[in-house]
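Below is one structure, written out as structure tokens; the observations come after it.
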Amino acid sequence: MQAFQQLVFSGVQPTGNLHLGNYLGAITKFVALQDTHDCIYCVVDLHAITVAQKPSELTSNIREVTAAFIAAGIDPKKHIVFNQSQVAEHAELAWIFNCVARIGWLNRMTQFKEKAGKDRENASVGLYAYPTLMAADILVYRATHVPVGEDQKQHLELARDIAQKFNNDFLADNPAYADGKGFFPLPEPLIQGPATRVMSLRDGSKKMSKSDPSDNSRINLADDADTIAQKIRKAKTDPDALPSALDGLAGRPEADNLVGIYAALEDKTKLDILQQFGGGNFSTFKSALVDLTVAKLAPIGGEMRRLQADHAYIDSVLRDGANRARERAGATMSAVRDIVGFVR
Ligand code: TRP
């Protein structure tokens, strides 16, 4: 039995260069969930500063993500779109969660190990505590469903562990929670299949990444039609024709990636695409992929650039979203303060 009302929460870091991977892997899922769920989408600027950010770039990256959300079809009136730092309750609950989570739990987080690299002593304390803030983001709304990529699964498990331990530690002797359903729900990941993992256009074995030094390795959401077309035409391929069955893509990561992109943009399976293009030469498929990608992304990019330039509009969306988010987060925090035993 689900005792909590369903609520979707997710976050995107404003760290620049939003690309096709972010779009297909996250933003399109956020858009689709709006029809069936109450949704809160957060630009997680407090997470961004766990590694160094130039203040002026951070500001424009926050507006970039917000513009991308709206241009892609997220409705900030029906749902909530805001930036994390405007709702202080996230940081407040994160502190309490820092006192619930165990050092041993955080020591197991693989993303920290990757991001901190060899020089762990020099990583920020915030980077280490990143997962407790992420748990607070979700649980301050008592959200139940979290669309995330595979790479965030471990953080979501930690959020469940924190919710569970909070419920166990604080509610045991509290008559108001004698029904045993707990105060925080255990949030579930909504993980998209591996089919939407978008790889670099220059190397099919690497994920498409904002930090790849080659801009040709990725399609940025803000790219215009000509740039998109050029990048797809230049994308690495192999000399063989496209296969007609999935196993023919084995050992051909670049072909596999481009077929996957086509499938995701059309909301079809890779097999559907191979049945359409299999046997034909690669250039026929690539031309079709150019047309499809430009048709789907160029309008979003155009709208995104327009919105991004309209600071007054974007900032008012974020402010309005933050006001509505704060109301909900504030209600949770009042209850949490009572549960923990603070005087207020
Ligand atoms: N860590 C997530 C990422 O890098 C971003 C994030 C922060 C998030 N808080 C969240 C995602 C809460 C889902 C829910 O992708």
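Along the sequence shown, residues carry numbers from 1. Counting starts at 1 for both ligands and their atoms, in listed order.
- Across all their heavy atoms, L33 and P147 have their closest contact at CD1-CG, 3.6 Å.
- Near H47, meaning under 4.0 Å from one of its heavy atoms, ligand 1 places the atoms 7 (C), 9 (N).
- In this structure, CD in Q152 is found 8.5 Å from OG in S10, a value given to the nearest 0.5 Å.
- Contact annotation for I138 and ligand 1: only side-chain heavy atoms (C-beta onward) come within less than 4.0 Å of the ligand.
- Those atoms of ligand 1 with a heavy atom of V148 less than 4.0 angstrom away are 11 (C), 13 (C).
- For ligand 1, the atoms lying closer than 4.0 Å to a non-hydrogen atom of Q13 are 4 (O).
- Looking from atom 10 (C) of ligand 1 to the surrounding protein, the closest heavy atom is M134 CG, 3.5 Å.
- Scanning the protein heavy atoms around atom 11 (C) of ligand 1, the nearest turns out to be G11 N, 3.5 Å.
- Residue-ligand proximity, Q152 to ligand 1, at heavy-atom distances under 4.0 Å covers atoms 1 (N), 2 (C), 3 (C), 4 (O), 15 (O).
- Closest approach of P243 to R252, counting heavy atoms only: CD-NH1, 3.5 Å.
- Listed by number with element, the atoms of ligand 1 under 4.0 Å from a non-hydrogen atom of V146 are 13 (C), 14 (C).
- The V44 neighbourhood of ligand 1 comprises atoms 7 (C), 9 (N), with distances under 4.0 Å to a heavy atom of that residue.
- The aromatic ring centres of H47 and Y130 sit less than 6.0 Å apart.
- Residue F9 approaches ligand 1 through these ligand atoms, each under 4.0 Å from one of its heavy atoms: 12 (C), 14 (C).
- Residues Y41 and F9 keep their aromatic ring centres 6.0 Å or farther apart.
- Rounded to the nearest 0.5 angstrom, N281 CG and D240 CG are separated by 11.5 Å.
- Between F184 and F4, the ring center distance fails the sub-6.0 Å criterion.
- Atom 9 (N) of ligand 1 has its closest protein heavy atom at D137 OD2, 2.7 Å.
- Considering backbone and side-chain atoms alike, S10 places every N or O at 3.5 Å or more from each N or O of ligand 1.
- Taking all atoms of both residues into account, the shortest heavy-atom contact from A48 to Q13 is CA-OE1, 3.4 Å.
- When only non-hydrogen protein atoms are considered, atom 1 (N) of ligand 1 lies nearest to Y130 OH, 2.6 Å.
- Annotation: side-chain hydrogen bond (donor to acceptor under 3.5 Å, both in side chains) contacts involving residues 162-172, sequence neighbours excluded, comprise K165-D169.
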